[in-house]
Protein chains: 4
Amino acid sequence: MIKEPILDIAHLAHLEILTPKFEESRKFFIDVLGMTQSGEKGDSVYLRGWDDYERYSLKLTASKTSGLAHVAYRVRSPQALERRAAALKGSGFDVGWTDGDLGHGKTFVCKDPDDHTIELYYETEWYEAPADKKPALKNQAQRFPARGVNVRRLDHWNGLAVDIKANREFYEDYLGFRLTEQIVLDDGTEAAMWMTATNKSYDFAYTKDHTGTKGRFHHVTYALDSREEILRAADIFLENGVFIETGPHKHAIQQTFFLYVYEPGGNRVEVANAGARLILAPDWKPIRWTTAERAKGQAWGLKTIESFHTHGTPPVEVKNH
Amino acid sequence: MIKEPILDIAHLAHLEILTPKFEESRKFFIDVLGMTQSGEKGDSVYLRGWDDYERYSLKLTASKTSGLAHVAYRVRSPQALERRAAALKGSGFDVGWTDGDLGHGKTFVCKDPDDHTIELYYETEWYEAPADKKPALKNQAQRFPARGVNVRRLDHWNGLAVDIKANREFYEDYLGFRLTEQIVLDDGTEAAMWMTATNKSYDFAYTKDHTGTKGRFHHVTYALDSREEILRAADIFLENGVFIETGPHKHAIQQTFFLYVYEPGGNRVEVANAGARLILAPDWKPIRWTTAERAKGQAWGLKTIESFHTHGTPPVEVKNH
Amino acid sequence: MIKEPILDIAHLAHLEILTPKFEESRKFFIDVLGMTQSGEKGDSVYLRGWDDYERYSLKLTASKTSGLAHVAYRVRSPQALERRAAALKGSGFDVGWTDGDLGHGKTFVCKDPDDHTIELYYETEWYEAPADKKPALKNQAQRFPARGVNVRRLDHWNGLAVDIKANREFYEDYLGFRLTEQIVLDDGTEAAMWMTATNKSYDFAYTKDHTGTKGRFHHVTYALDSREEILRAADIFLENGVFIETGPHKHAIQQTFFLYVYEPGGNRVEVANAGARLILAPDWKPIRWTTAERAKGQAWGLKTIESFHTHGTPPVEVKNH
Amino acid sequence: MIKEPILDIAHLAHLEILTPKFEESRKFFIDVLGMTQSGEKGDSVYLRGWDDYERYSLKLTASKTSGLAHVAYRVRSPQALERRAAALKGSGFDVGWTDGDLGHGKTFVCKDPDDHTIELYYETEWYEAPADKKPALKNQAQRFPARGVNVRRLDHWNGLAVDIKANREFYEDYLGFRLTEQIVLDDGTEAAMWMTATNKSYDFAYTKDHTGTKGRFHHVTYALDSREEILRAADIFLENGVFIETGPHKHAIQQTFFLYVYEPGGNRVEVANAGARLILAPDWKPIRWTTAERAKGQAWGLKTIESFHTHGTPPVEVKNH
């Protein structure tokens, strides 16, 4: 008999991102991406897309450097939280319980094998739009801002990792994520992976960190409603002097329509649209891409840009590479 | 402590639809909607959108009349199938086990309180594209047909029911679907409901059958990748003399961008796009729409067309109404 | 031998629109439509879309009522201006020369048979973007605003007229516009017309004023780059409480994808997209629509809204109608 | 006083393209691009987009090699044809009169300084759709095919030329085309030009032929209604094994959204969308791009692909380059 799946993770909830240029980064997320500030505490502001149902999906924190401070997933129930904590306890990946943060309650903290910090929680604060941000339709969290790129909601994030396979096994065994696509080199090394706990084809991805440094960050992605909006976003980035790294184009892997830029603090940010693509099969067979297939570039032939393999945050000095 | 959710249903899998104009209906689904025939047996053909991962998502059966013969849901695991069967056994809604049909194995059959036949199964046949339908990208089930409307995948279906509340409770209690939106009249009567087992905001809906007839069908919906493709679909329906009932426009409820037509057999077919809207919250609070809110019409002001409340299949003679 | 065409009019240049709610109208055009104020004089502000090459395309003037004060066309050359003035002199439609207005020079003024005031000029002021509105690409007049609906450029306008045929003949004979489509009732009466001096399929239209009042205004239209942007505009109008009269939908006549709203002063405003449709034939054969064809409604079946036949500005009291 | 413009050319009418793989090329244009065959004569087939108003916009001719046989422009009137013939007579560029071809009458033939053959005519055959291709809306030339890429209409073409400046002067002086954008190298050499006789921002372009060979062809472009359709076209090309050279992306010059492929005969074909961009100014000031600006690549940063500078048809052997 097939082992039944772990279904305790509900969805990717938020990221905490560090920036050495706090005020410029804040302006980028609000004025250019069209996000809304929904909280402020210490060195951080809390930001949201107009369709994020929780209070925020991005915590932006002033720091000496860039990168990811933590990523948070919401679980399906209080029981699910206890189950995940129990499974992690004593695994060597567990850090322990906290009281939570602005917007969410009791939290279990752990680390993936690559030292990225992960928070799990159930209790959350639903966003309550103030009068000037009330939407016309009550099945929408917040009024459409009509400002900048108008990102809709957090979609996924991408980490760098030294050992992809170890990370994959951690996410499968302890958190129940399912592998949907992966890159496996000719020598059998896993070079990248895409995993999901939802019907989105990925909630996160990891790609190999060639510098051998642990805990680094590749990008965060916000969803827009159409490819047309991604194209318009490219115009808006151009007008605002934002560095466009690559795109708009369509990934061969996952077929996402993408556009990558760097925010002022140096972190890579993607806006993307997946069309109507969903993973509905409960037993989806992971798609394995080979070295030769990867060499073909993106779906319509765009070569994968070199910096995509080298730029991560925080920056690291590479010596023998 | 909150009761944990039933998570046994994976997704809506297929519908069997009856048509009194078999050949014309078949042509409509293949030539106009752009579906592919992937099987044939007895009085039925089996059809699929280019991104449906199973062998088919629509069984079209020649009949004296129109309407829905059955709807099938795939469950998450063999164990999930046994659990649902066990829960239903003796409930009065259970029909019993069958060996399945072309494309899927062992099946448990039941009926909702309104007499719609429901099939549940786990074992399925993944679509294997023949050489001339192999896609260029291996994470796609079938080559994009570039013919007609090019529907991507089955999205949801809509039934009519005499007692919406009874149906809602059945789907919640026995199958674990979650209510996301509903219409509740001023006198407290439930008039429509939208439910989901996935991150789509609905896998099916039921609206009140004012004729008091049980088991009728409102429509089946296929997803397209963009609103732009829905607009182009409208052109294609117009060119092909297909009756456009209403749309393209945006529903206030669920915010789906929609277009409704009648296929030659009389059944209503929708093509739709939801943008990047997903229900990620595991504890989504159902949106309740009132009579007054419904009277406002669709999102941008289009009045809901009268036939939307009256046309169902099979047709029924209405006397004192 | 065929008579050669008059090619003196270059394009529709701007409209002067009256509003009894000046400040609210101004805010609508700037905050909701995304226009830019590029001048101010007396009771007027001058407004522009981001791709209008002249200083402005809309003059908004405070008034006791709503409606159109004048419409202006730019001619192709100084000689063309003299030719048109000479043709009009003594015709009974001529008003005479003025020194122009903010943004344009020497102007010949005339009236159409329905008393709409028309200005013709050649000398114009090209828009010079200030530093904060400089575009990234130098073949663009102004930076993309990324605010509200982001209208691109003035596209066309629509007047009401008591005698459509008389107006058509005036525009053909004195100004060289070409008829591209028209509505002719079963009794031979012309009920509406669409005319052009460019490769757009119309620079203006006139529809019959059933109140028998002369000089009234139906709407002004701004072009957006895609149908997708029209759909998003509908969301933005909804969020801002702007009255949506009808649309988005596709006209059967001219096939324009349209959306009509009322600005706070009561004037109807359209945002539209024509796809890649152009009239390239120098001898285009006007399309004639009959009463029966009009009764079919818009392209995809939407019934033409009643107010479309009755709402014009300024409002008029209708007695025996 | 400014000299008045020559307004005799109405629009780009058709191209005759040579292919050494006639049957494969024919299939590409019909099955993949979605064109319709509307004539056949000798070694040629005549093809059209669904919105081309004349009988055809592409004559495809079997040949030993690839390239352009001729390009044809329709003039505005019989008088305009006589005027252009008179201007060209004795210029050294004139070839003389012919009786025309399938679909058009009396024709004056000339050559540009780079030896591309140009035909000018007025009398034309409007496309008459047979019963199965009659459109639902009578202001449309032909039914929307719903097959392949569904190209709408011929948009522009691009030639290679050894001496860009000489070609520009020829088109300005003899045919009245207006320069809208150009590339001028730091040493003052003109390296590329875009010219128009319509409100499209270009009806043709020429780029420098670095091989020093005259009369070569760079590409022909068909217009689609939206950028979304260009993206879908990329999928269709991918599925059909058509070589995608570059795109989809947005040109900095002219801001066209583009996608380039090679048809089986080796000729480059573009599908493009210009949004609502039009050149309405009768005195448009040509945009001049410098070497440094060109080095920035396309609008959103895509580097201009090397083959764009080297691949032309027919192929030529390059020795000392």
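Since we're looking at a predicted model, the values are computed, not measured. Chain naming here is simple, since letters A, B, ... match the order of the sequence lines and numbering starts at 1 in each.
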Notebook entry, point to check: For the atom pair CG (C/L280) and OG (D/S57), what is the distance rounded to the nearest 0.5 Å?
Noted result: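 One gets 11.0 Å once the value is rounded to the nearest 0.5 Å.
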
Note to self: Please report the interatomic distance OG(C/S226) to CZ(D/R227), rounded to the nearest 0.5 Å.
What the structure shows: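 Answer for the OG-CZ pair, C/S226 versus D/R227, is 5.5 Å.
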
[options]: which one forms the most heavy-atom pairs within less than 4.5 Å of chain D?
{"options": "C/E4, C/H11, C/R76", "value": "C/E4"}
{"options": "C/L278, C/D51, C/N273, C/T180", "value": "C/L278"}
{"options": "C/G275, C/A281, C/A299", "value": "C/A281"}

Notebook entry, point to check: chain C contacts: which residues in residues 191-207 of chain D have a non-hydrogen atom closer than 4.5 Å to it?
Noted result: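 Within residues 191-207 of chain D, the residues that come under 4.5 Å of chain C (heavy atoms only) are D/T198, D/N199, D/K200.
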
Check: So which bits of residues 136-148 of chain D come within less than 4.5 Å of chain C, counting non-hydrogen atoms only?
Finding: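 The residues closer than 4.5 Å to chain C, in numerical order, are D/L137, D/K138, D/N139, D/Q140.
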
Next item on the list: Find the one option among D/P5, D/A223, D/A252 whose heavy-atom pairs under 4.5 Å with chain C are most numerous.
Entry: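 Option with the top pair count is D/A252.
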
Proximal component of [X], with respect to chain C [non-hydrogen, under 4.5 Å]:
{"X": "D/W284", "value": "both"}
{"X": "D/E228", "value": "neither"}
{"X": "D/L224", "value": "backbone"}

Item checked: For C/W157, all residues meeting side-chain hydrogen bond (donor to acceptor under 3.5 Å, both in side chains), sequence neighbours excluded ->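 Expected list: C/Y73.
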
Next item on the list: Return the minimal non-hydrogen interatomic distance between C/A276 and D/R152, and the atom names on each side.
Entry: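 Answer, listing the atom of C/A276 first, then D/R152: CB-CD, 4.0 Å.
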
Checklist line | Residue pairs passing the salt bridge (charged side-chain N to carboxylate O under 4.0 Å, His left out) test where at least one lies in residues 275-286 of chain D, sequence neighbours excluded | finding: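 Sorted result for residues 275-286 of chain D: C/R74-D/D283, D/E181-D/R277.
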
Notebook entry, point to check: So which part of C/W289 gets closer than 4.5 Å to some heavy atom of chain D, the side chain, the backbone, both or neither?
Noted result: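 Both backbone and side chain of C/W289 come within 4.5 Å of chain D.
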
